[in-house]
Amino acid sequence: MSERCTVSPILPTILLAAIIIFICGDGMIYKASIRTVSINENKNSNSTITCITQEPLKSSPENREEDDDSGTFDSLIVPFNLSGKKARIDWFRKHLPDFRILQSNNFTQQFHNRLQEFLSHDCETQFFMTWISPTRTFRRRELLAAESIFKSHPRGCLTILSRTLDSERGYKILQPLLDRGFKILAITPDLPSLFKNTPVETWFDEMKRGKKDPGQIPLAQNLSNLMRLAVLYKYGGVYIDTDFIVLKSFMGLKNCIGAQSIDPVSKNWTRLNNAVLVFDKKHPLLEKFMENFASNFDGSRWGYNGPFLVSRVIAKVTGAGDRPGFNVTILPPAAFYPVDWTKIGELFKKPGNRASANWAKAMLSQLNDKAYGIHLWNKQSKSYTIQKGSVIEKLVSDHCIVCKYT
């Protein structure tokens, strides 16, 4: 008498899981730091498995520094009493070893290949941020900015240029988004290669050799201003600050920058801002920005190498219709900066009466209708608590994913 052999329906499931583990391997544990695993099933039950792995070399001594919570960090500030240029340069040259972000090593030199690999996986929109601060200071509000990107761009990619987040501790911070399958990568930038073959290459080489005056503003702040220009110039995409909440898709935007303020009479812009930049790769205006950065750098004037830089450069090239290739759209304040930094605190407060409740309702309607996002001006608002019933609470609840923002 012959025996019939039956195959349990559980077996194919086990085999599929084994295949995923085999393909993705170290992506299941921290050694693969940033990974995205997705299984898309069609009507015929066929599956497509995609694994994106990025190796941060956790055990490398060159990357162990990023989990260091000591007081020494790249945002070191020249002592305020060193008001003379020569004194600042002498101090900076002496402390150059502490500014690790200026240096290149075997680990940082993997930057381009790692980024190219990450961006090669069907990024609907490429977003970039920078984070040149200790890992411990990347908190829920900063994570909210990342969440809001994926809420409006679930097939987008977010790259955070950061030595500190490209670490075990940084991976744990980003893990809630990674676990949900979103494409996010914290990557240690290699500034020498990022600035190579750009108008700031010579400026950076002199700075890292201690031949430039860093000024009295933290050098990290000015490097962030420069890194966003260089990464867009070389890769193209969208840059946003970590205190910006995305409210709607950027898919329709191309080569644009937002006005922070306008003249109430002429309606012409009076100041632009660089907290949000949308540019194609190798756009000539980005090159002009970097040229101006290198030739007019002043590390002691707040905003001079950031918002004021983009404002003065665009003031020179716009209106000159005979300058082909400089096409750029200047969006009104309602697009990116709908609330001025002096008034941002009102959005964190619970309405206390009918008048303030009506104002909050009108503000929400305006933001949802006209704004692509809202800049929270973190320097001004970081101490504010998001009160229940406030405008910010409503915006956050509508545009968060993990939703741990309090």
Side-chain angles (χ1 to χ4, degrees), residues 24 26-27 30-38 50-58 60 62-63 66 74 100-132 135 138 145-146 149-150 153 155-168 170-171 173-175 177-178 181-198 200-201 204 220 223-242 250 277-283 286-287 290:
C24 299
D26 288 344
Y30 171 69
K31 281 196 297 184
S33 182
I34 306 299
R35 86 270 188 264
T36 301
V37 180
S38 61
T50 303
C51 295
I52 303 173
T53 62
Q54 296 292 335
E55 298 270 354
L57 300 182
K58 175 190 172 188
S60 170
E62 295 166 340
N63 201 43
E66 314 318 340
D74 282 339
R100 296 171 295 204
I101 193 171
L102 301 178
Q103 311 305 321
S104 181
N105 56 43
N106 291 335
F107 178 68
T108 63
Q109 288 167 12
Q110 299 176 34
F111 167 72
H112 176 71
N113 289 337
R114 291 178 68 198
L115 182 54
Q116 285 283 69
E117 167 66 15
F118 177 68
L119 297 179
S120 69
H121 291 273
D122 189 28
C123 297
E124 190 175 67
T125 306
Q126 295 180 181
F127 285 87
F128 295 94
M129 292 177 173
T130 64
W131 187 256
I132 314 180
T135 314
F138 194 94
I149 288 176
F150 293 116
H153 310 82
R155 293 173 55 84
C157 296
L158 170 59
T159 304
I160 307 176
L161 304 185
S162 175
R163 296 176 72 96
T164 55
L165 291 177
D166 189 5
S167 65
E168 183 171 7
Y171 169 77
I173 291 173
L174 303 179
Q175 189 170 2
L177 291 174
L178 291 164
F182 295 112
K183 299 174 185 175
I184 181 169
L185 172 69
I187 183 170
T188 303
D190 186 60
L191 296 191
S193 66
L194 183 60
F195 298 148
K196 188 175 182 179
N197 298 323
T198 73
V200 296
E201 182 176 7
F204 178 73
L223 285 175
S224 174
N225 286 325
L226 185 54
M227 288 163 62
R228 69 191 68 179
L229 300 177
V231 76
L232 291 183
Y233 181 72
K234 290 202 167 180
Y235 300 95
V238 180
Y239 169 83
I240 69 169
D241 273 356
T242 55
F250 280 46
L277 301 168
V278 184
F279 281 101
D280 290 338
K281 178 180 177 179
K282 294 295 179 72
H283 193 284
L286 294 170
E287 193 170 16
M290 288 187 285

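Please read all numbers here as calculations on a predicted model, not as lab measurements. If you read the sequence from its start, that first residue is 1, and numbering goes on from there.
- Side chains of Val238 and Ile240 form a contact here, defined as non-hydrogen atoms less than 4.5 Å apart.
- Ile149 places a side-chain heavy atom less than 4.5 Å from the side chain of Met129.
- Taking all atoms of both residues into account, the shortest heavy-atom contact from Leu194 to Thr198 is O-CG2, 3.9 Å.
- Put simply, the side chain of Lys183 reaches to within 4.5 Å of the side chain of Asp122, judged on heavy atoms.
- Checked against side chain to side chain contact (heavy atoms under 4.5 Å, CB included), Leu177 has the following partners two or more places apart in sequence or in another chain: Leu143, Ala146, Glu147, Phe150, Phe182, Ile184, Ile401, Val402.
- Under the rule for a ring pair (Phe, Tyr, Trp, His ring centres under 6.0 Å), Phe128 has no partner lying at least two apart in sequence or in another chain.
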request  = Decide side-chain contact (heavy atoms from CB on, under 4.5 Å) for Thr159 and Tyr235; before the verdict, give the C-alpha distance in whole Å, the side-chain angles of both, and the deciding distance to 0.1 Å.
outcome  = CA-CA 11 Å; Thr159 304; Tyr235 300 95; over 6 Å; no
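- For Phe127, the ring pair (Phe, Tyr, Trp, His ring centres under 6.0 Å) criterion is met by His153, Phe250, not counting sequence neighbours.
- Closest non-hydrogen pair, Leu115 versus Ile187, comes out as N-CD1, 3.7 Å.
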key: From CA spacing to verdict: side-chain hydrogen bond (donor to acceptor under 3.5 Å, both in side chains), His121, Glu117   = CA-CA 7 Å; His121 291 273; Glu117 167 66 15; 3.0 Å; yes
task = Begin with the C-alpha distance, continue with both residues' side-chain angles, and end with the deciding distance and a verdict on side-chain contact (heavy atoms from CB on, under 4.5 Å) for Tyr239 and Val278.
result = CA-CA 6 Å; Tyr239 169 83; Val278 184; over 6 Å; no
key: Residue pair Ile160, Leu174: steps toward the side-chain contact (heavy atoms from CB on, under 4.5 Å) verdict   = CA-CA 11 Å; Ile160 307 176; Leu174 303 179; 4.3 Å; yes
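- Looking at heavy atoms from C-beta onward, Leu286 lies out of side-chain contact with Asp280 at the 4.5 angstrom threshold.
- Among residue pairs with one or both ends in residues 226-236, those qualifying as salt bridge (charged side-chain N to carboxylate O under 4.0 Å, His left out) are Arg228-Asp241; sequence neighbours excluded.
- Closest heavy-atom contact between Cys157 and Phe118: CB-CE2, 3.9 Å.
- The side-chain hydrogen bond (donor to acceptor under 3.5 Å, both in side chains) search around Ser104 returns Thr108, Gln109, Asp190, not counting sequence neighbours.
- Take Tyr233 and apply the ring pair (Phe, Tyr, Trp, His ring centres under 6.0 Å) test, not counting sequence neighbours, and it matches no residue.
- For Phe111, there are no ring pair (Phe, Tyr, Trp, His ring centres under 6.0 Å) partners two or more places apart in sequence or in a different chain.
- Take Ser162 and apply the side-chain hydrogen bond (donor to acceptor under 3.5 Å, both in side chains) test, not counting sequence neighbours, and it matches Thr164.
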request  = Could you walk me through whether Leu185 and Leu158 pass the side-chain contact (heavy atoms from CB on, under 4.5 Å) test, one step at a time?
outcome  = CA-CA 6 Å; Leu185 172 69; Leu158 170 59; over 6 Å; no
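- Asn225 contributes atom CG, which lies 8.0 Å from atom OG1 of Thr130 (distance to the nearest 0.5 angstrom).
- The CD atom of Gln126 lies 9.5 Å from the CG atom of Leu232; values are rounded to the nearest 0.5 Å.
- In terms of heavy atoms, Ala230 sits closest to Met290 at CA-SD, 4.0 Å.
- When every heavy atom of Phe138 is checked against every heavy atom of Ile173, the shortest pair comes out as CD2-CG2, 3.7 Å.
- Contacts of Asn197 classified as side-chain hydrogen bond (donor to acceptor under 3.5 Å, both in side chains), with partners at least two apart in sequence or in another chain: none.
- The two residues Thr188 and Arg114 make their nearest non-hydrogen contact at N-NH1, 4.2 Å.
- At least one side-chain heavy atom of Met227 sits under 4.5 Å from a side-chain heavy atom of Ile132.
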